[in-house]
Amino acid sequence: MKKVFIVGTSFFHQFHSMYTKRGYTIVDSIDEADIVQFTGGADISPKFYNQHEHPATFTSPGRDREEYAAFVEGKQKGKFLAGVCRGGQLLNALSGGNMYQDVKGHGIHGTHDMLDVETGKLVPVSSLHHQMMIVGERGILLGKSSVMRSSRKFMMTPAHEEPGEVVDVDTDVEVEACFYPSTKAFCYQPHPEFVSSDHPCQQWYFDKLEELYAQV
């Protein structure tokens with residue numbers, strides 16, 4: 001039976017319920033865990049991916065410090081890292097990925113179809129985020145929006161360049177899930193904890209998590 005440490009208190013009860021229904025055990029420390037789960041919430045600091053801060057970005061410095069420390073500890077101890085929404089974005093950035101800081105028209109209250117890039121299967125997933133992952137060189141794209149949903153995507157100039165300016169970016173990929181073998185980091189932007197255990201959004205999350213965990 002796999003053991004999971006949930007980082008912080010945000011959505012703790014939802015993740016606790018989701019994992020225990022699946023047969024996992026929740027533990028009190030990273031040292032005890034097989035899997036370290038990072039949850040959703042405020043935007044991560046653009047310092048993690050070397051951009052100036054966009055006007056629409058709202059960060060939580062306290063969470064950034066706590067979760068960065070958890071990432072470092074989990075990585076050093078060889079734990080499998082899993083992140084949902086903010087958590088996925090954090091793991092993506094700390095594993096070498098980048099971010100769109102503001103995306104117009106992608107996140108909605110409800111579901112849309114994610115394309116599993118390996119199987120071609122369409123999976124209905126939840127979507128509340130206004131930011132979006134960009135997979136880094138060491139990352140593997142696992143899932144993307146089946147159609148282009150956003151009208152515009154915005155980044156900022158790199159943090160070492162002045163002044164900080166908004167950059168309107170065009171791309172044909174809207175990332176929903178990716179994986180970094182080098183950090184054992186599974187990044188998922190939808191919210192499996194918001195849906196029932198039989199919902200495809202949650203089923204895909206656990207199926208992919210368990211598949212990847214078995215490989216590392």
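With S17 contributing its side chain and H13 its backbone, the two residues share no donor-acceptor pair below 3.5 Å. Between the side chain of S10 and the main chain of G41, no donor-acceptor pair closer than 3.5 Å is present. Looking only at distances, a side-chain donor or acceptor of Q202 sits under 3.5 Å from a matching main-chain atom of P192. One N or O on the side chain of H54 and one on the backbone of A56 form a donor-acceptor pair closer than 3.5 Å.
Just one of Q89, H130, H129 meets the side chain to side chain donor-acceptor pair (under 3.5 Å) condition when paired with D43; it is H130.
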> Given the rule in the salt bridge (Lys or Arg N to Asp or Glu O under 4.0 Å) test, do K121 and D113 qualify, once you have shown the distances and angles that lead to the verdict?
Replying inline: CA-CA 9 Å; K121 180 181 178 181; D113 284 339; over 6 Å; no

> Passes salt bridge (Lys or Arg N to Asp or Glu O under 4.0 Å), E67 versus R86? Steps please.
Replying inline: CA-CA 11 Å; E67 294 173 10; R86 169 197 160 90; 3.0 Å; yes

>> Working note: T20 + I26, criterion side-chain contact (heavy atoms from CB on, under 4.5 Å); need CA distance, chi angles, decisive distance, verdict.
In response: CA-CA 7 Å; T20 54; I26 307 301; 3.9 Å; yes

> Could you go step by step and tell me if H112 and E174 meet the side chain to side chain donor-acceptor pair (under 3.5 Å) rule?
Replying inline: CA-CA 12 Å; H112 66 269; E174 296 185 351; over 6 Å; no

>> Test salt bridge (Lys or Arg N to Asp or Glu O under 4.0 Å) on R63 and E66; report intermediate values, then the result.
In response: CA-CA 5 Å; R63 284 194 68 179; E66 176 186 356; over 6 Å; no

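F38 is connected to V135 through a chain of hydrophobic side-chain contacts under 4.5 Å among Ile, Leu, Val, Met, Phe, Trp and Tyr, so both are in one cluster. L122 and L141 are not part of a single hydrophobic cluster, where members link through side-chain heavy atoms under 4.5 Å apart. Taking hydrophobic clusters as Ile, Leu, Val, Met, Phe, Trp and Tyr residues chained together by side-chain heavy-atom distances below 4.5 Å, M156 does not share a cluster with I134.
A donor-acceptor pair shorter than 3.5 Å can be found between the side chains of N98 and Q51. A side-chain N or O of Q101 and one of T57 form a donor-acceptor pair less than 3.5 Å apart. A donor-acceptor contact under 3.5 angstrom links the side chains of T183 and S95, judged on distance only.
The salt bridge (Lys or Arg N to Asp or Glu O under 4.0 Å) search around K184 returns none, not counting sequence neighbours. Residues satisfying the salt bridge (Lys or Arg N to Asp or Glu O under 4.0 Å) test with D102, not counting sequence neighbours, are K104.
Outside the 6.0 Å centre-distance limit, the rings of Y188 and F179 are not counted as a close aromatic pair. Aromatic rings of Y19 and F206 (six-membered ring for Trp) have centroids within the 6.0 Å cut-off, being under it. The distance between the ring centers of Y180 and F186 does not fall below 6.0 angstrom.
Under the 4.5 Å side-chain criterion, counting only non-hydrogen atoms from C-beta, H52 is in contact with E162. The shortest side-chain heavy-atom distance between F80 and L209 falls under the 4.5 Å cut-off.
Here the CD-OH distance, from E210 to Y205, works out to 10.5 Å after rounding to the nearest 0.5 Å.
Using cut-offs of 30° and 60° on the angle between ring planes, the pair F194 and H191 is parallel.
For Y68, the OH atom is loosely surrounded, since the number of other residues' heavy atoms within 6.0 Å does not exceed 12.
For residues 29-39, the pairs satisfying salt bridge (charged side-chain N to carboxylate O under 4.0 Å, His left out) are D31-K77, with sequence neighbours left out.
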